[in-house]
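Heads up, the thing below is written out as structure tokens.
Residue numbers begin at 1 in each chain, while the letters A, B, ... track the order of the sequences.
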Amino acid sequence: MNILEKISFEAQPISKTFTPFKKWDGSPLKDYSVVLEIISVGEQIKIGRAVATEPMTSLEYVMKIQLLAHALKSINNAPIVSEDELRDYRKSHKTSDDFSTHDYTIIFFKKFTEQVINALYFAYEDLQNEYASQLMGKPLPNALKLKKEKSSEVNSLKTNTEKDVQDEKPPDATGS
Amino acid sequence: MRNLLTQREVENAIFEGIYPTKTFRCGGLTLIFVISERKFPKTFEGWFDFFEHAIFISGFDDSRIFLKTLPVPLFYKLIRDYKEFYSIWLKSISTYMSDIVDSPESCTTWKVCQKTSMRDVIYVQNRLNAAQYFWVAFNSVQDESDRTKLISNIFDMLKPWLNAELWQRIQEEESGDSRRINRLEEEQINAYEQSLGTSQTSVVDHDEITIG
């Protein structure tokens, strides 16, 4: 039995659909919708182990990528990595069978620019804040919501890099 | 949440080695917090290992399986709730300890501990738990205080033998002082009784007039 189902968190969504780029006018990513799910304790531990040896300079960025690789479930209602896509990648890059969907997802995320990663990460933070405030039965203190404000700065930083992002993105990954 | 645990729960921890527990519902599951003597971890993974000994879930033999699937914010809430429970536990120990140390059960156990080995009486898993640690400390301090009182009393008893003349003079001064104090008190009492007698007489006189 899925323990999360047994706990049955009514009115406390663990996953939610976001359109994180909706304010990016003129961008091809504008209407993209993503489904994010709150990561579990086991996944958090895996992330902790994965970033343990990272240098401080890149720690935050790598942690965001690792987190999103666990939290992002689909883009435009399609899975991020299909089985065929993974098989093709294994064949073309001659990787071992241990090369998992998660490993491929990490590569997928590393192709994104930091603005895209940040937009997705802030969407995840929104979901987590919403869940935490429902859990506590009261709104979170403002100190914990500071990062949200930065998302607007990220939107204003929107430049031509989005085009590059679109070019870099594997076509199948979007489900389009 | 209750402000304090009961005195019986603290006594159980000291004399039986049974730690207090707290039961609460989490969705459809019943979780049981148990006081653990391990230090609070500093890392996320450390807390995961810590809860293996501190949280039990009805229906699950291995709490790790359960904890691994919890959403991270809920896990942080568990950490917060556990810390709150632990602070209540420590507060309860400090509140009830002076009463517990004076109880007959505690006095007997402490005497037995002194005559035999503490290891045979209250040790749990070859070590003292936090409550037992405080209990031993409290009893030791009290023993020290009793010993100091005993020495002071013996010294008082010896004073006449050490310098009889000096002791007699001190005694006289002390009794003189007390006699003076007694005299003052007597005077005050007499004055009060006198005033009381006067007022009583006036009341009686007044009543007589009214009745007449």
Q: Sequence neighbours left out, what pairs pass side chain to side chain donor-acceptor pair (under 3.5 Å) with at least one residue falling in residues 85-105 of chain B?
A: B:D102-B:Q142

Q | Side chain A:S40, main chain B:K68, donor-acceptor under 3.5 Å | A | yes

**Q.** Other residues, nucleotides, ligands: >12 heavy atoms within 6.0 Å of B:Y133 OH
**A.** no

Q.
So, using ring pair (Phe, Tyr, Trp, His ring centres under 6.0 Å) as the criterion, who are the partners of A:Y61 when residues are at least two apart?
A. none

Q: Considering non-hydrogen atoms only, spot the tightest contact between B:L67 and A:V41 and give its length.
A: O-CB, 3.2 Å

Q. What distance do B:L70 atom CG and A:I38 atom CD1 have between them, rounded to the nearest 0.5 Å?
A. 11.5 Å

Q: Flag yes if more than 12 heavy atoms outside B:K111 fall under 6.0 Å of its NZ atom; otherwise flag no.
A: no

Q. Can you list the residues that meet the ring pair (Phe, Tyr, Trp, His ring centres under 6.0 Å) rule with B:F138, with sequence neighbours excluded?
A. none

Q. Crowded around B:F134 CZ? As in, over 12 foreign heavy atoms under 6.0 Å?
A. no

Q) If you check every heavy atom in residues 42-54 of chain B against those of chain A, which residues fall under 4.5 Å? A) B:F44, B:E45, B:F48

